[in-house]
Amino acid sequence: MNKYFSIPESLLTVAEEVEAQIRPQFKAVESIRQHNVAKVLKAFIDARVGEEHLHGTTGYGHGDMGRDKLEEVFARIAGAEDALVRVQMVSGTHAISTALFGILRPGDELLYVTGKPYDTFDEVIGLRGEGQGSLKEWGIDYRHIDLKENGKVDLEAIEKGIGSKTKVAAIQRSRGYHWRPSITMAELQKIISVVKKKNPEIICFVDNCYCEFVEMQEPCEVGADLIAGSLIKNPGGGIAPMGGYIAGKKELVKKAAYRLTAPGIGKDGGASLEVNRLFFQGLFNAPQMVGEAMKAAIFASTLLEKLGFTVSPTPGEMRADIIQAIQLGSPEKLVAFCRALQAHSPVQAYVRPEPEHIPGYKDKVVMAGGTFIEGSTIELSADGPLRDPYVAYLQGGLSYAHAKISILKAVEKILDSK
Ligand SMILES: *Cc1c(COP(=O)(O)O)cnc(C)c1O
């Protein structure tokens, strides 16, 4: 490694200690990966994926065999009745927004039970911005139940908080840009049972971004009714060039499909162009890639904690997403961290990240990610809003070996910075 990238000897020594220390965690990652690779492989075999499914359609996309087969495979893996896996979804926010607009009607209430959701949802809900086209403008009410002091879900408050108009209980599993733990399968199951006990009619919706293949189960296997996420995160395996997914109960997926395309067209339209092979191949690779990303996160967590930084999750903590949050404590360190990561990326290593305002986010954000797919966060990337305590959110990594180089260089830079 040092032949190509000079890393101080002292740091390499610490890295070696860290790698020895995290062997048991890597072993746990391996067994989850083995389980999920087997699950995905079985779904491909049982669904009889053939060469003919790897090609796409144009125009209306009627009778797109590959797209339909992909959705069948995806549903099997997700433990869902049906799925929509589409190039026409531009991002995770679009997938989640499509699902919510699909299943909510005027007069209904959306209740987020995991605190205030991801920043980009402020405008979907109608909390910020001009409100045009928001759920609020459509007469859909919103409330959220705060997390407890320790960042854990408040089951009692959820039980009390569910009202007569609550139609959807939404659960965001990943931490997003917040300092709180991700929501494990076991916790998700508890939340769902509290909601269903109060009122079995309520739809449990899960924002599953960053959590696919991190554990051995997926949300529909523990009772979630509908889930959504992005294909330029975990389930695209670093190969899907764009897209999003929605999966769950057949009736709910149909409603979401009516919203995505048009009533009457639903799932039957939507050309897949030439991406079917990429979606299949990415999905097949996804558990492998998620395992690499998990290893990168565990390495970063252990190394940075050893160097005195506050990290979440801590090295031994249970993980439900691929994000590693690191409190860097100063804007200089946050920017230096991101710049070093960018400088050790395969694409656009020569670009120097600057903090910027980006649509959907409130604070200036600094982002690093020299990725093959623009904005992909299953590829090694880091970002953080410029607000105290200057947390870097590190995620992804198609190869642990690459992530290790970038993380070591980023650590070298923050140790040199104010
Ligand atoms: C990434 C993410 C989203 C969607 O973000 P996009 O950038 O629109 O793909 C939604 N929720 C969470 C928790 C996320 O991490």
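Since the structure is predicted, the reported quantities are computational estimates derived from the model, not experimental observations. Remember, it's 1-based here, ligands and their atoms both numbered in the order they're listed.
- Taking a cut-off of under 4.0 Å to the non-hydrogen atoms of F121, the atoms of ligand 1 that pass are 10 (C).
- Atom 7 (O) of ligand 1 has its closest protein heavy atom at Y361 OH, 4.1 Å.
- When non-hydrogen atoms are compared, ligand 1 lies under 4.0 Å from neither the backbone nor the side chain of R175.
- Taking atom 14 (C) of ligand 1 as the reference point, the nearest protein heavy-atom neighbour is K233 NZ, 3.0 Å.
- At a heavy-atom distance under 4.0 Å, only side-chain atoms of D207, from C-beta outward, approach ligand 1.
- Enclosure of atom NZ in K250 is not indicated, since only 12 or fewer non-hydrogen atoms of other residues, nucleotides or ligands lie within 6.0 angstrom.
- Nearest protein neighbour of atom 9 (O) of ligand 1, counting heavy atoms only, is G92 N, 2.8 Å.
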### Working for salt bridge (Lys or Arg N to Asp or Glu O under 4.0 Å), residues K116 and D122
CA-CA 9 Å; K116 192 172 168 299; D122 284 0; 2.8 Å; yes

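- The number of heavy atoms from other shown groups lying within 6.0 Å of NZ (K136) does not exceed 12.
- The protein atom (non-hydrogen) at minimum distance from atom 8 (O) of ligand 1 is T93 OG1, 2.5 Å.
- No side-chain donor-acceptor contact under 3.5 Å links S345 and Q342.
- Considering backbone and side-chain N/O atoms, S174 never comes within less than 3.5 Å of an N/O atom of ligand 1.
- Cation-pi geometry between K233 and Y118 is met: under 6.0 angstrom from the ring centre, within 45 degrees of the axis.
- Residue Q172 touches ligand 1 through its side chain alone, judged by heavy-atom distances below 4.0 Å.
- Checked by atom type, the side-chain pair T314/E305 shows no donor-acceptor distance below 3.5 Å.
- Those atoms of ligand 1 with a heavy atom of Y210 less than 4.0 angstrom away are 15 (O).
- Residue E354 places its CD atom among more than 12 non-hydrogen atoms of other residues, nucleotides or ligands, all under 6.0 Å distant.
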